[in-house]
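Letters A, B, ... are given to chains in the order of the sequence lines, protein chains preceding strands, and every chain is numbered from 1. Note that this is a predicted model, so its numbers are computed, not measured.
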Amino acid sequence: MIDKIFDPASFEQSIYARWEREGAFRPSRPEAKPFTIVIPPPNVTGSLHIGHALDNTLQDMLIRWHRLNGRDARWVVGTDHAGIATQMVVERQLAESQAPGRTAMGREAFVEKVWAWKEESGGTITRQLRRLGASCDWDNERFTMDDGFNKAVLKVFVELYNQKLLYRDKRLVNWDPKFKTAISDLEVETREIAGSFTHIRYPLADGARLDNGADHIVVATTRPETMLGDTAVAVGADDPRYASVIGKHVLLPITGRRIPIIADEHADPELGSGAVKITPAHDFNDWQVYERNKAIGWINILDAAACICAANGVPANYVGLTREDARKKVVADLEALDLIERIEQKTIHMPYGDRSGVVIEPWLTDQWYVNAAELAKDALSAVHDGRTQFVPKTWEKTYFNWMENIQPWCVSRQLWWGHRIPAWYGVSKETAELIAGGEEDSSKMGPLFAFNIGHCEVAETEEEARRQFAQRYECTIDEVQVAHELPEGGWSSRDSKYILYRDRDVLDTWFSSALWPFGTLGWPEQTNDLARHYPGDVLVTGFDIIFFWVARMMMQGLHFMDDVPFRTVYCHGLVRDAKGQKMSKSKGNTIDPLVLIDKFGADALRFTLTAMETQGRDIKLNESRIEGYRNFATKLWNAARFAQSNGIGGSTSPLPPAASQPVNRWIIGEVKQAARALEQAIADFRFDAYADAIYKMVWSRFCDWYLELIKPLLAEGADAAVAAETRAVAGWALDQILVMLHPVMPFITEELWSKLAVRDDLILASWVQTDALPEDAAASADIDWLIGLISEVRSARTELNVPPSAKLPYAVDGASVDTLVRLASNAAVIERLARILPGDAGEGGRLAVVHAEATFLIPVADVIDLAAEKTRLDKALAAAAKERDALAGRLGNPGFTEKAKPEAVEKAREDHAARSAEAERLQAALSRLG
RNA sequence: GGGCGUUUAGCUCAGUGGUAGAGCAUCUCGUUUACACCGAGAGGGUCGGGGGUUCGAAACCCUCAACGCCCACCA
């Protein structure tokens, strides 16, 4: 029996456990067409936030729908190691517990610590996904740092390297001084801040003067401290103000260095003074200037923490200052020298690390880069020619725009948690000793191999790296050893000749995430899973990671699998709070999906997110909406209880029972129409339309009308054959509803399904046999008429304040034979729902209800307010007349009758006739009132 | 600076050429045996402004405005 009270918490978790135990998430369907989704892997140590809830609800809905439709549906699941985020968390924990920090404990111990944390907290988010009802293929759960993934990552790295699509380069990177690692362009966010713009006078050297007599050049900067690293001043080649000093020098204040005045296109005569200071090592533009004018050289004045380091011309009392302190000191010193022209306050743009929140420093380092522009070519054409489609399509523009301007992708990170880069640098034994002794100046490390700069061997294994090195430098493998640190007491003369050091860096997390669609399926092994489930059908994700993830999966998938990773990319919006604010921990406006699940049930949350997912819009989530859909679930629950208490159980066939009664034939047609609408919604990825259609089917059709209309048929004394037919059809229709609702509300539907009959789980049942369902236009017309009549009578009664309980007689005027038949055959229902029954309507004050061609006259002498009835009829008449006249106007317009579609003209004629007749009958009723 | 999106009932949103819709909220009535997490009914919108195309525009085009997002090295 179905419990009297609907309490989702009482069955959700046990149903989920049953599904999982029985292997329902991945039934064996070797003959069926696969349907594949790979989950966007959540951070392994993270917990479920509302964005996950949305993303995974949509995926689960698609998976469940296709599973019901017989597909070999597979939702590939796993978690991401989330390099920088996870390392950050563990470092913070160490700090909080007063434990030795990362550097103090050393790389190996620290990485062990992170693995321990992963083991400890790694199950949280997958448990939470289960609470949501996500029907993932848990038996094949993956992790972006498991052994298989590691193999895939190494292979990809080595192959790209051998194909010259991945290389090491010295150039400016976005350097995060807090985490002391390089980050990619995408991890930098530009913020507008209140800053100052300092105009500095650089004195001309050797007594030179500008044409206007000035003995200095004014340059402006938002970062005065970088002047310590200036190596030139650039001016426009054709700028008359400076033509005479090009090739001469300025004396760089504070440092005492002489730096040249050069002509370069970067200087824009229209801007500021037209002269610009050049700091190649700390500014992306200035590095370009250096590339064009190598003679100026570059000077690095910052260390990894963005503090001033010893460098040519940097006074000793600057060394060790933070960049902020150095800025103050530079300005103060320049003031003292009277070299500040002015300081302007203005809004400036500054780059910040999206994780660290500190100002990003352009810094000159050696890093690994992927030639993204090359890989982007196919990834662009695959979307252009439709092999992969974005939904909504508007995101394709975003994708194109980024891909067409893509920059080299910096993939190395100076972190410890991640896939270590498979590159080994060879040095001589002597150099190795120097390195071990702390030497950092590569120029002292021997001519052949300079640490971290010279040639390296890229290979999947250490052995292979040794072999490659030995071959290249014509020595034996034994002469090449791999070292992690200097052996106790140094190397003896009998040891190897060369030492290989593995690159200390790890790969960007997104480098491995990019392999997710094929790495999870066993690649580089050519597994059956890979053949069967690549490419996937749909990727469901937030638009905010199109660049980070989608684009990179496209590139790697096409390059290594020679096919797109998925056919469709569905991009949903952000979930915001009820006021439309972005949720964030600092604002304190986050909504915990687990709290909502506890309060309203997972189904209600899922239905809400589905219903609110309209394409191309963010979701403003309001708790009242969830409550409303919890009420919807309650409504269904009670309807099922009513069914059960009336002997209605599960159906025995996916095809509907034979039905003679119009109401039964009608509901079968309604099921068909609802199923059609749902199928269309899935085809269009219109999640809101899906929710809307099933909501209406359940509440507005099945509960509001069907159940009410069949009550008389099931009542005591009713025809037994009709009652039996009705029970069968009702049971069938309820089953179809459970099937149709299951993708969105899996728990309540499964619970009711099993309580209505003993049978296999709903999760593996079959979708509605839409095409085989009959539609009966006559039955639909009958029921539409009936519903219309009841509604009209109810409306009139309420407007005139007729007590709802009063049963009143009616007389009918102008009714056709068909109508008289309908009245007779639906007498019981009309009496019950409209609370009127045939009788003598007398001659006195009568309420007139116009419906179709008939006017129903209901005596309400005791209660009727004649003035109110007149008002009501006047209003109805005005509405009918207005429409009648509008239609007449249209029909009288030759432009319409000649140019509009014939169906539209025909419909206008029909409507005009109907409205005219209605108006006449209303007029007659008014006259009758006197 | 470039690009994209949004603007429809009090709120949240559907509606892409043919008589303005839903849910929630509001108001009225209701102990008719599934459900008050309910039932019945009602009120509420010159579809952001202006112009154009069309027989007909919330929808298509132009323009303006407001709000939001993304990208971008103006020192």
Write out a two-atom table: protein N or O, nucleotide N or O from nucleotides 8-10 of chain B, distance below 3.5 Å.
none

With sequence neighbours excluded, what pairs up with A/Lys582 under the side-chain contact (heavy atoms from CB on, under 4.5 Å) test?
A/Leu574, A/Arg576, A/Lys587
Without placing hydrogens or testing angles, list every side-chain donor-acceptor pair under 3.5 Å for residues 390-400 of chain A, not counting sequence neighbours.
| from | atom 1 | to | atom 2 | distance (Å) |
| --- | --- | --- | --- | --- |
| A/Lys393 | NZ | A/Glu396 | OE1 | 3.3 |
| A/Glu396 | OE2 | A/Phe390 | N | 3.1 |
| A/Tyr399 | OH | A/Ala379 | O | 2.8 |

Return the set of residues passing side-chain contact (heavy atoms from CB on, under 4.5 Å) with A/Ala834 (not counting sequence neighbours), or none when no residue passes.
A/Ile790, A/Val793, A/Ile830, A/Ile836
Taking only the C1' atom of each, what is the distance from B/C29 to B/G15 in whole angstrom?
32 Å
Does the ring of A/Phe642 carry A/Lys711 above it, NZ/CZ under 6.0 angstrom from centre and within 45° of its axis?
yes
Ignoring backbone atoms, test whether A/Asn631 places a side-chain nitrogen or oxygen under 4.0 Å from the OP1 or OP2 oxygen of B/C38.
yes
Write down the protein N/O and nucleotide N/O pairs, taken from nucleotides 15-17 of chain B, whose separation is under 3.5 Å; answer none if there are no such pairs.
| from | atom 1 | to | atom 2 | distance (Å) |
| --- | --- | --- | --- | --- |
| B/G15 | OP1 | A/Arg686 | NH1 | 2.9 |
| B/G15 | OP1 | A/Arg686 | NH2 | 3.3 |

Ranking B/C37, B/A34, B/C13 by distance to the side chain of A/Lys620, first place goes to B/C13
With a 3.5 Å cut-off and just heavy-atom distances, do the side chain of A/Lys635 and the base of B/C35 make a donor-acceptor pair?
yes
Is it true that the side chains of A/Glu187 and A/Ser184 contain a donor and an acceptor less than 3.5 Å apart?
yes
Could you give the CZ-to-C1' distance, from A/Phe284 to B/A75, as a whole number of Å?
15 Å
Whole-Å distance, A/Ile546 CD1 to B/G5 P, equals 13 Å
Pairing stems for RNA chain B [at least three consecutive pairs; Watson-Crick or G-U; under 3.5 angstrom]
B:1-7 with B:65-71, B:10-13 with B:21-24, B:26-30 with B:38-42, B:48-52 with B:60-64
One should read off an interatomic distance between A/Ile278 CD1 and A/Asp230 CG, to the nearest 0.5 angstrom, of 8.0 Å
At under 4.0 Å between heavy atoms, what does A/Ala643 touch on the DNA or RNA strands: base, sugar-phosphate, or nothing?
nothing
Checking contacts here: which listed nucleotide (B/U19, B/G18, B/A34) is nearest the side-chain heavy atoms of A/Leu707?
B/A34
Measure CE/A/Met1 against P/B/A34 and give the value in whole Å, please.
13 Å
Under a 3.5 Å distance rule, please check whether A/Gln615 uses its side chain to pair with a backbone N or O of A/Asp684 as donor and acceptor.
yes
Scan A/Arg641 against the nucleic acid and name what it touches under 4.0 Å (heavy atoms): base, sugar-phosphate only, or nothing.
sugar-phosphate
Given atom CG of A/Asp704 and atom C1' of B/C35, what is their separation to the nearest angstrom?
11 Å
Could you go through nucleotides 21-32 of chain B and list every protein N or O atom that sits under 3.5 Å from one of its N or O atoms, giving the distance for each pair?
none

If you look at every strand shown and take non-hydrogen atoms under 4.0 Å, does A/Asn646 touch a base, only sugar-phosphate, or nothing?
nothing
Within the sub-3.5 Å range, which N or O atoms of nucleotides 65-72 of chain B have a protein N or O partner, and how far apart are they?
none

Flag side-chain contact, heavy atom, 4.5 Å: A/Met745 against A/Leu636
no
Could you list the residues that satisfy ring-ring contact (aromatic ring centres under 6.0 Å, His included) with A/Phe548, not counting sequence neighbours?
A/Trp510
For B/A34, does the base pair up with any side-chain atom of A/Lys711 as donor and acceptor (N or O, under 3.5 Å, distance only)?
yes
Among residues 884-893 of chain A, which residues get a heavy atom nearer than 4.0 Å to RNA chain B?
A/Arg890, A/Asn893
From B/A34, B/U19, B/A75, nucleotide with atom closest to A/Phe642 side chain:
B/A34
Pairwise side chain to side chain donor-acceptor pair (under 3.5 Å) hits with a residue in residues 218-227 of chain A, at least two apart
A/Arg223-A/Glu225, A/Arg223-A/Glu361, A/Glu225-A/Arg327, A/Thr226-A/Lys277
Residue A/Lys397, side-chain atoms from C-beta onward, closest of B/U19, B/A75, B/C4:
B/C4
Side chain to side chain donor-acceptor pair (under 3.5 Å) with A/Glu883: which residues, sequence neighbours excluded?
A/Arg915
Polar side chain donor-acceptor pair, A/Arg890 to A/Asn893, under 3.5 angstrom:
no
